[in-house]
Amino acid sequence: MKRYIFLFVSLLLLASMLMSACASTAPISAEKEVPAAEAKEEAPAVEAKEEAPAVEVKEEAPTAETKEEASAVEAKEEAPAAEAKEEPATDFDWRMFEGEKIRVAMATQPWTQFLEPYIPEFEELTGIETTYEILPEDQFRQKTTVEFAAGTSDVDVFVSMVAQEGIKYDSAGWYVDLEEMLANTKITNPNFNFDDFTDSGVLVGRLSNDKLVGLPVYNETGVLFYNKELFDQAGVPYPPKTIEDVEAAATAIHNPADGIYGICLRGKGAAATSQFASFLHTFGSDWVDANGQANVLDPAFLDAVKWYGGMLNKYGPPGATSYHWQQCQDIFLQGKAGMWFDANVFFSNLVDPEQSKIVDKVAVAQAPIGPGGPDPTVSGWVLSIYNGSQHKDAAWLFVQWALGKEMVERAQLANITTGRVSAWQSAQYQTQNQYPEVADVILNQLAASNPNWNPPVLNVGEARDSIGTLIIEAIDGGDVDALAPDVNTKLQELLDETPKLK
């Protein structure tokens with residue numbers, strides 16, 4: 001009997017050795033590389049299509065001014081995986097609200113579409129059933145505003161643009177103060193790392209009363225795109241750094257007889273104000289003075305209007321007062337304009353060989369500096385929690401998951417200009433990024449940007465329309481000084497109608 005046992009054991013050992021040998025000779029298949037999704041501009045991301053980072057992005061996402069972007073992410077498996085991180089172990093309980101249900105309302109833009117395929121991951125992690133809906137920006141705003149005003153909404157989490165509707169929403173009591181959520185250690189993951197968000201990204205989610213009503217899903221800032229070939233042909237050095245550099249370059253490049261224009265800027269009234277804001281600030285002025293009064297009659301304000309309009313009057317394309325970002329992008333990517341100042345999210349379109357003739361000629365510079373020093377604007381969408389929600393704590397888990405370091409890095413790899421420093425600095429993103437100099441320009445500018453890209457009034461649309469008439473007057477070569485008092489009066493009326501935030 002012992003001999004049979006010995007024989008049986010020997011046969012098992014021999015079989016094990018043969019299986020190991022076979023395994024060692026099998027080829028190891030290479031891990032399939034998953035391409036990063038390209039965000040396309042509204043219209044960043046981020047972006048969108050308001051839109052994504054200056055590096056192969058596409059966000060506007062939009063801001064209210066950028067195009068509605070569509071994300072290229074069609075399925076979860078197509079989205080890039082985030083770089084593995086060694087986070088300290090915690091006993092944070094992601095399933096503390098298991099069984100609850102939340103509704104997440106989103107506007108169409110790259111980040112919201114990027115996130116959608118991952119929702120099942122959140123549900124599996126937390127046990128929270130999630131209704132996730134995306135609507136076009138105008139429809140989204142109308143629907144959520146009506147629901148909130150009626151007090152019947154079951155929305156828990158929503159995206160918001162604080163510079164657009166922040167005063168209205170907070171004065172109505174519709175925002176949860178996220179700093180109170182952050183301070184609650186029972187429901188806040190120790191690894192969330194709020195300090196990792198860029199300073200300008202956090203400012204985009206703050207109101208004038210310092211209340212934090214949203215965390216950034218992406219950041220957008222105005223940059224100067226320029227055509228190196230046209231600069232070389234005109235013998236102009238680059239990059240242009242000041243408004244004087246910009247005007248000198250425009251003068252040298254402008255050749256309308258050959259269909260070449262020195263610069264393109266938004267000239268279509270209200271649509272121009274969002275990008276004009278960077279020039280307003282760098283001239284040393286703002287929408288309101290130190291006392292919160294309308295500031296249109298400030299000489300520096302009028303100088304900014306005259307410079308902006310004068311550039312288009314002298315060096316812009318014909319019919320500049322009808323130009324929005326789309327028209328400027330069209331002539332710039334056709335090689336017909338030396339410079340174009342607009343949201344960083346459009347960079348990906350300019351290096352897309354399917355639509356751009358200047359893929360190897362385009363470059364990006366920071367917003368030009370005027371007499372008031374560097375002071376470019378920053379905008380973007382934030383993720384907020386509705387104060388009427390019956391599931392605020394579960395909603396806060398969603399915010400932490402969606403804007404946690406892992407998910408934000410995934411978005412960055414999908415070319416959405418996110419609000420976390422770690423995402424921009426991750427080894428995987430830096431390896432993937434084909435335009436590191438562009439990322440440097442954007443990140444440096446985001447480090448110190450001004451969130452006041454809209455007048456601080458309840459009715460932002462009316463304010464923009466009124467100020468837009470002044471910009472058009474300047475483009476047409478009209479009497480800006482004569483029109484300014486009426487515009488100032490209108491802005492003051494809108495300021496007087498605006499509730500003071502508590």
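Note that the structure is predicted; figures quoted are calculated from it, not measured. Quick note: residue numbers are just sequence positions, from 1.
Among Q329, H324, R266, the single residue meeting the side-chain hydrogen bond (donor to acceptor under 3.5 Å, both in side chains) criterion with D342 is R266. Each of W340, F347, Y238, F341 was scored for a ring-ring contact (aromatic ring centres under 6.0 Å, His included) with Y226, with one residue passing: Y238.
No donor-acceptor contact under 3.5 angstrom links the side chains of Q428 and S426, judged on distance only. For the residue pair S160/Y175, the side-chain donor-acceptor check at 3.5 Å is satisfied.
Partners of S389 under the side-chain hydrogen bond (donor to acceptor under 3.5 Å, both in side chains) rule, at least two apart in sequence or in another chain, are D156. Partners of D375 under the side-chain hydrogen bond (donor to acceptor under 3.5 Å, both in side chains) rule, at least two apart in sequence or in another chain, are N450. In this structure E116 satisfies the salt bridge (charged side-chain N to carboxylate O under 4.0 Å, His left out) test with no other residue, sequence neighbours excluded. Taking T126 as the reference, nothing meets the side-chain hydrogen bond (donor to acceptor under 3.5 Å, both in side chains) condition, with sequence neighbours excluded. With sequence neighbours excluded, the residues that form a side chain to side chain contact (heavy atoms under 4.5 Å, CB included) with N193 are D195, D196, K405, R420.
Note: Q334 CD to F332 CZ = 12.0 Å, rounded to the nearest 0.5 Å. Rounding to the nearest 0.5 angstrom, the gap separating the CG atom in D245 from the CE atom in M339 is 9.5 Å.
Sorted pairs that involve residues 358-374 and meet side-chain hydrogen bond (donor to acceptor under 3.5 Å, both in side chains), not counting sequence neighbours, are lacking altogether.
Aromatic ring centroids of F398 and W396 lie 6.0 Å or more apart.
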